[in-house]
Amino acid sequence: MHYQWTAHFIAGEWEQEEGEQQIPVENPATGEVIATVAAGDEKHVDRAVAAAREAFTRWSAWTVEGRALLLDRVADLLEERREEIAQTVTAELGAPIKLARGLHAALPVSDVRETARTLRAMEFETEVANSRVLLSPVGVVGAITPWNYPVHQVVSKIVPAIAAGCTVVLKPSELAPLSALLLARIMQEAGLPDGVLNVVNGDGSAVGQAIVGHPGIDAVSFTGSESTGRAVAQQASRTLKRVTLELGGKSANIILPDADLATAVKVGVANCFLNSGQSCNALTRMLVPHEMLSEAEEIAAATASRYLPGDPADERTRIGPLVSAQQRENVITAIERGLLDGAKLIAGGPRRPAGEDLPDGYYVQPTVFTQVDPDSALAQEEIFGPVLSIIGYADEDDAVAIANNSRFGLGGAVWSTDVARACAVARRIHTGQVDINGGAFNPAAPFGGVKNSGYGRELGRAGIEEFLYQQSVQL
Ligand code: NDP
């Protein structure tokens, strides 16, 4: 496949200088370099910020309906180009093609449609006593995104920002930048005015830091690791920028004694292994009543054995490689540490998966541990690979205590045939999202975390408000 959009996108121009340093983009299934993208630096960020500042005056003056109509066109084009997006995500991330079509390329269409719908329903002017309260765009937004959902993560930042009337400087992850650049091209084709969206490729230490420190950027929205999130917040404080952080998680999946155990365990395993376990809200801790533990282990091991790592381009593949050699090393180290800490391995392990046809890429075995100590690294650290920890609990209070025994608070789940009981337990978990009995991801609902999972929200009305400020005008 030839990737045409590999340059920086600044002020509506695709720019690449002669001899500019390049970043290789690998196919993680094979390790083969499939494209290179231009590597930017502070100079590119300066130009992108200047373009965004200039475009802001005009873009923020567009009517709400004008902006919503443009987003409708973006959603239509994303839908038309779904196959091209899916193929690109499969190539740069290693996501199985069926998942790439059904999730990576499909979800952004819903994200954009929901944002347009929400925008139309919002009131930008309200009255309180003798004041008129106006909602105004904060200005230029810096967006820094990771590789794990390379289109959705970008869309859930830049689309609400643009909807709010802001302009954007985006730095996609250097590991998976191709689909983000394709998205920028699609937004250009949809008629987005020059300078409203600018994309600078490059690594975090050059381009990421230049965005966070830039005095011409008013707000930063970051998704990625806890440690980088902390560095971003610290650096942003020097210019007093507004910051949104969507960081990692170690989400608990509480299976109550009255739940349909087989369904709860199977769906729980599938959730944990989705996207090769590279989801910030993955349900990586499965909490099961002690008396149901052995049955749950049996179901989990049998379910895991059906996740055979394979070539992501193959329609039958359910689980592909990890994104990079580094990510594979991190996951193998975490599995080895789990073994040393005394957890019981019931599926997978640290060795490379078997399979003669398996390409030479960054594969690990989908792995399940049980009898995991809730205080151990396995239960506390974000692994970002297909590694599930099963933990036994005594009663509901114990389950809630284990769920909350985490410095993270992003996702969560509760299973019970009594929905009211499940919802009551959900309220006691200190976390941003809870799915009851497999409740589906909702792109109209606010998404974000508490504790070390970050602050601020993406998607829904809250996702747009993240990029607005309130002005009170007294009459
Ligand atoms: P990072 O947090 O390092 O990277 C996320 C984004 O931030 C990338 O675009 C990166 O650039 C950029 N970045 C890196 N350093 C800085 C900086 N100092 N200032 C501004 N931007 C910066 O995540 P990794 O990709 O290294 O993944 C490591 C771990 O992070 C994973 O194993 C996982 O645990 C977690 N993670 C969590 C995610 C989530 O959704 N919450 C998503 C991805 C990872 P670049 O990489 O291009 O240099």
Side-chain angles (χ1 to χ4, degrees), residues 23-26 28 37-42 45 92-93 142-154 156-157 169-181 199-214 217 220-239 241 243-251 274-282 284 322-334 362 364 377 380-387 407-411 432-433 447-449 451-456 458:
I23 299 169
V25 182
E26 282 182 353
V37 297
D41 55 29
E42 307 94 87
V45 174
E92 67 182 355
L93 177 67
I144 301 175
T145 53
W147 40 264
N148 58 338
Y149 288 90
V151 191
H152 166 74
Q153 304 273 27
V154 171
S156 49
K157 295 188 187 311
V169 177
L170 164 72
K171 187 204 92 62
S173 162
E174 61 176 324
L175 291 178
L178 300 171
S179 52
L181 291 163
V199 187
V200 181
N201 304 306
D203 64 20
S205 54
V207 176
Q209 290 195 28
I211 288 176
V212 179
H214 205 294
I217 290 185
V220 166
S221 180
F222 169 86
T223 297
S225 63
E226 185 190 4
S227 57
T228 306
R230 197 169 280 122
V232 164
Q234 269 167 6
Q235 198 197 350
S237 71
R238 285 185 220 127
T239 42
K241 284 183 179 55
V243 179
T244 304
L245 297 177
E246 204 274 86
L247 311 176
K250 194 74 198 179
S251 302
L274 182 76
N275 210 34
S276 297
Q278 302 167 127
S279 305
C280 46
N281 55 347
T284 46
L322 296 170
V323 72
S324 65
Q326 178 64 55
Q327 200 61 25
R328 177 179 59 182
E329 199 180 308
N330 297 348
V331 172
I332 291 173
T333 305
Y362 308 127
V364 293
Q380 291 293 328
E381 300 303 324
E382 181 173 54
I383 297 171
F384 237 58
V387 182
R407 66 181 191 281
F408 296 110
L410 187 60
Q433 283 76 221
F447 182 89
K451 300 194 274 187
N452 286 24
S453 292
Y455 40 76
E458 295 190 315

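Counting convention: from 1, in listed order, for ligands and their atoms alike. Just so it is clear, the model here is predicted, and its values are computed rather than measured.
- The residues lining ligand 1, counting any heavy atom closer than 4.0 Å, are I144, T145, P146, W147, N148, Q153, K171, S173, E174, G202, D203, G204, G208, Q209, F222, T223, G224, S225, T228, V232, E246, L247, G248, C280, Q327, E382, F384.
- T244 places no side-chain N or O within 3.5 Å of a backbone atom of S221 that could act as its donor or acceptor partner.
- Using a 4.5 Å cut-off on side-chain heavy atoms (C-beta onward), I144 and T228 make no contact.
- Exactly one of E382, K250, R230 qualifies for a side chain to side chain contact (heavy atoms under 4.5 Å, CB included) with N452. That residue is R230.
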TODO: Go through the steps to decide whether I383 and T284 satisfy the test side-chain contact (heavy atoms from CB on, under 4.5 Å), and finish with yes or no.
DONE: CA-CA 9 Å; I383 297 171; T284 46; over 6 Å; no
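- Partners of K157 by salt bridge (charged side-chain N to carboxylate O under 4.0 Å, His left out), not counting sequence neighbours, listed by chain and number: E458.
- Residues L93 and P28 are not in side-chain contact: their nearest non-hydrogen atoms beyond the backbone lie 4.5 Å or more apart.
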